[in-house]
Every structure is written in C-alpha cells, then in structure tokens.
Amino acid sequence: MSDDRESPMNDTAPFRLSVLDTVPVFNGVPAAQSLRELLDLAPEVERLGYHRYWLAEHHNMPAFGTSTPPVLIGQLAGVTSTLRIGSGGVMLPNHVPYVVAEQFATLEVFHPGRIDLGVGRAPGGEPATARALRRTGDPAHEGAFGEQLAELIGYLSPSAADARPPVAVCPPVGNPLPVWLLGTSASSASLAARLGLPYAFAHHLNPSGTEAAVARYREEFRPSARLERPYVAVSAQVVVADTDEEAEYQAGPIKVAHVEGRINPLTLFRTPEQAADYPLTEAHRRYLDGHFAPQIVGGPETARRRLADFRSRTGADELLATAPVFGLEARVRTFRLLAEAVDQTAATGAGALSPASSASSS
C-alpha cells in the first residue's frame, strides 16, 4: 500500500474531488434508513474516483445523522477499499483529546493509510446541547482549543510511541495519522498555518469569508514535520442534475433549511415537493440567492461554469462536496455529474479528477 500521509501537491498534481457528508434526514424517511444508505453510497462514490469521504459531527439535530463520526468511519472504511475515510470533523472541545487519539489510532490499525482526522472547535449543536457535551465548561476559546489540538497531535505522533511517555496511545501509531484543522474564519486559518496542518474551510457555511481565510492560511503557513507546503480543501454545497431546473428543485430542501433552521433547529429536511411549497419571502430569496450563488448548483453546463469560478476564487487543492439531496439515486447522480464536470475541465488546463486508487499523497 502506498504511503498516504498528508503531503503537499506538486505543481502538476490534479484537482482532487471528495465528499463531506452530514447524512441528511428528510421528512418521512427514518434516520436509520438514511444511515444504512451510506453503505450503498460510499462504494458508489469510490467507483466514481473520489479521493476521500468525510463525516461531520452534529448533536441533537434531527436533520443530520452524524452524531458519531468514528463509528461511521469504521462502517464506511469496511465497505470501501481506496477512499480515504475521515471526520469533517470531530468537534474537539466536545471530547477528551486522548480518547479521540485512541479512537483514530484504532481505526488506522484496521484501515492503514486510509484514515483522516479532521477537527474543529464548533459545538456541532445549539447552546443547550453544547452544555450537555461540555460538562466541565466551554473550552472553545482560542487558547484552550489550541492546547487541545497540540495535545491530540502529540498523542498521534510516531515519536510519542518511540519515547513512550507516561500517557501514550494504545495501539501506538506508526506513520503520522493525518490531522486537519477545519474552520469558517481567518483565525482558524492562522492556527492551521502556524501548526503546519492541512486546512479545510467551510465555504458552504461562510462563502463570503473563503478567499480571505485561504489567502491568510497560505501567507502564514509554516512547514512542519506533517506538511511541507500548504494544502487547502474547501467545502461547497453541490447539487447537479440533468437540467438547471431539476437541480434547483433538488436544492429546494437545503435552501428552505437555511431559512427554517434559524427558527427551528429541530426540524427535518423537507422533501423537494414540500420545499417547493414553502412560503419564502422576498427577503428570504435575496438571502438565499446571495448564499447559493458561490455554490455549485445546476445542470452539467452550469455546474462546470460554477466549478471553474469556485476554483478560480478559492485556489482550493480539493473540493469537499456536500450534497444534501433527497433520495439515494439522486445523490449518486449528483456525485456522478460532478465528477464528469471536474473531468471536463481538464481541457481548460485546470486539471482533472484524481482517481483515489492512484493517489499517493494527501
């Protein structure tokens, strides 16, 4: 097996295509069914040549089935063979760093060279849930989070196993397990740069902040034992269908969720038919138009145009596609059409999709 540790892309390396999944749960569809469909979806994504598949962490949010990323990672790694599987991310202030290190070191034993650990500082839920998760207080401020992250990285360093400090991870790690920092702001970009970690920016949550954060990360990046040159993955909402009209129809649930979720975070995703009947105001529509214009929603030609704009604006090395689309068949279609759109950009000199089976870095 090739060494898949995080390392910088060279100047001719292709643009990578990956998935960030929140396991959307829709009205009328049991959460258990949405979770079980992952076992069918991930192998399809692998066959399409995607590089990695990440699971986000959310709590007490019925619309998202990703409360336990390590459990889901083990399940998906077991039904795939080339995809890198990881967290996008584990919300570190919710957990003890030592336990997170043990979980991911164990996953690496069973799936060597295929596990990613992405970490973030958000609670992954509303304030009451955050208090339930963080029983000893809220360590989400900059200083405490940085200390937690440094502790976690220390546990997952092969040198820690060699030196055998008083507290070490069992099983010990061999090669460095990739640790990513996730964020939605320039401050997270600076922290990732100072620590020499690969950085993932949540463009699907804060599209107006992407360019500044990515630029700061690249400007402030300090090489580390884990990463010699900056590496950036940027997430985006992706819905691709046979026509622009069908893509907009499929995107209806996530658009309504952006409005409805501000009022009631405990609601499920509406079906496309239900979303089409939702009474959006003009103010809602203006907000949604602004938020989704930088995302990748449309038929194949529109998707290619928006993808080119996304790459030009962000300078991302990798796209993490999040596609909260209703129905397994429609989700597979979105990922297939997106992969075709990336492949077709090769003629423009922007690079082609990198098959996961031949990836030897990042």
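Just so it is clear, the model here is predicted, and its values are computed rather than measured.
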> Can R270 be said to sit on top of Y278's aromatic six-ring, NZ or CZ under 6.0 Å from centre and within 45° of the ring axis?
Replying inline: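 No cation-pi geometry.
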
> By side chain to side chain donor-acceptor pair (under 3.5 Å), which residues pair with E248, not counting sequence neighbours?
Replying inline: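 K255.
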
> Which residues pass the side chain to side chain donor-acceptor pair (under 3.5 Å) test with N27, sequence neighbours left out?
Replying inline: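 Partners of N27 by the side chain to side chain donor-acceptor pair (under 3.5 Å) criterion, ordered by chain and then number, come out as Q274.
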
Taking all atoms of both residues into account, what is the closest heavy-atom pair of [X] and [Y], and its distance?
X    : Y    : result
P97  : L152 : O-CD1, 3.4 Å
A275 : P253 : CB-N, 3.6 Å
A303 : G298 : CB-O, 4.4 Å
P300 : A241 : CD-O, 3.1 Å
A101 : V169 : CB-CG2, 3.6 Å
G120 : P93  : O-CD, 3.4 Å

> Where does the angle between the aromatic ring planes of H203 and F310 fall among parallel (under 30°), tilted (30 to 60°) and perpendicular (over 60°)?
Replying inline: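 Answer is perpendicular, since the angle exceeds 60°.
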
> Once the angle between the rings of Y50 and F335 is folded into 0 to 90°, is it parallel (under 30°), tilted (30 to 60°) or perpendicular (over 60°)?
Replying inline: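 Aromatic pair Y50/F335 classed perpendicular.
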
>> Tell me which one of V79, L38, L83 satisfies side-chain contact (heavy atoms from CB on, under 4.5 Å) with P43.
In response: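 The side-chain contact (heavy atoms from CB on, under 4.5 Å) with P43 is passed solely by V79 among V79, L38, L83.
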
Spacing of [X] atom [atom1] and [Y] atom [atom2] [to the nearest 0.5 Å]:
X    : Y    : atom1 : atom2 : value
I153 : L117 : CD1   : CG    : 9.0 Å
L227 : W180 : CG    : CH2   : 8.5 Å
F201 : T314 : CZ    : OG1   : 10.5 Å
R226 : L195 : CZ    : CG    : 10.5 Å
L191 : L197 : CG    : CG    : 7.5 Å
L328 : R36  : CG    : CZ    : 13.0 Å

> Residues in salt bridge (charged side-chain N to carboxylate O under 4.0 Å, His left out) with E301, at least two apart?
Replying inline: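 In terms of salt bridge (charged side-chain N to carboxylate O under 4.0 Å, His left out), with neighbours along the sequence ignored, E301 is linked to R304.
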
> Does the distance from a Lys or Arg side-chain N to an Asp or Glu carboxylate O, for E219 and R216, drop under 4.0 Å?
Replying inline: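 Looking at R216 together with E219, the answer is no, because their closest N to O distance does not fall below 4.0 Å.
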
Between [X] and [Y], is there a donor-acceptor pair closer than 3.5 Å when you use the side chain of the first and the backbone of the second?
X    : Y    : result
T106 : E102 : yes
Y287 : E282 : no
H204 : V234 : no
Q237 : Q295 : no
E108 : G113 : yes
D244 : G299 : yes
T210 : P207 : yes
T334 : V240 : yes
R52  : R114 : no

With clusters defined by side-chain heavy atoms of hydrophobic residues (ILVMFWY) lying less than 4.5 Å apart, directly or transitively, does [Y] cluster with [X]?
X    : Y    : result
L280 : F292 : yes
V25  : L20  : no
I115 : L39  : yes
V90  : L35  : yes
L337 : V45  : yes

Using a 4.5 Å cut-off on heavy atoms from C-beta on, say whether the side chain of [Y] contacts that of [X].
X    : Y    : result
W54  : S235 : no
R16  : R84  : no
L76  : L55  : yes
F269 : I254 : yes
L181 : Y217 : no

> Has Y98 got more than 12 heavy atoms of other residues, nucleotides or ligands less than 6.0 Å from its OH?
Replying inline: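 Enclosed.
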
> Does CD belonging to Q33 count more than 12 external heavy atoms closer than 6.0 Å?
Replying inline: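 For Q33, atom CD is crowded (more than 12 foreign heavy atoms under 6.0 Å).
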
Can you see whether [X] engages [Y] through a side-chain donor-acceptor pair at a distance of less than 3.5 angstrom?
X    : Y    : value
S188 : Y199 : yes
Y155 : E151 : yes
E46  : Y53  : no

>> Filter on salt bridge (charged side-chain N to carboxylate O under 4.0 Å, His left out), then keep only pairs touching residues 319-333, sequence neighbours left out; what's left?
In response: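 Qualifying pairs, neighbours excluded: D21-R331, D242-R333, E246-R333.
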
> For residues 200-214, which residue pairs qualify under salt bridge (charged side-chain N to carboxylate O under 4.0 Å, His left out), counting only residues two or more places apart or in two chains?
Replying inline: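 For residues 200-214: E211-R313.
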
Just distance, no hydrogens or angles: give the donor-acceptor pairs under 3.5 Å from side chains in residues 64-73, sequence neighbours left out.
residue	atom	partner	partner atom	Å
T66	OG1	A56	O	3.0
T66	OG1	H58	ND1	3.2

>> side-chain contact (heavy atoms from CB on, under 4.5 Å) for V297 and T302? Distances and angles first, verdict last.
In response: CA-CA 7 Å; V297 178; T302 298; over 6 Å; no

> So L107 and I85, side-chain contact (heavy atoms from CB on, under 4.5 Å) or not? Walk me through it.
Replying inline: CA-CA 10 Å; L107 287 166; I85 310 293; over 6 Å; no

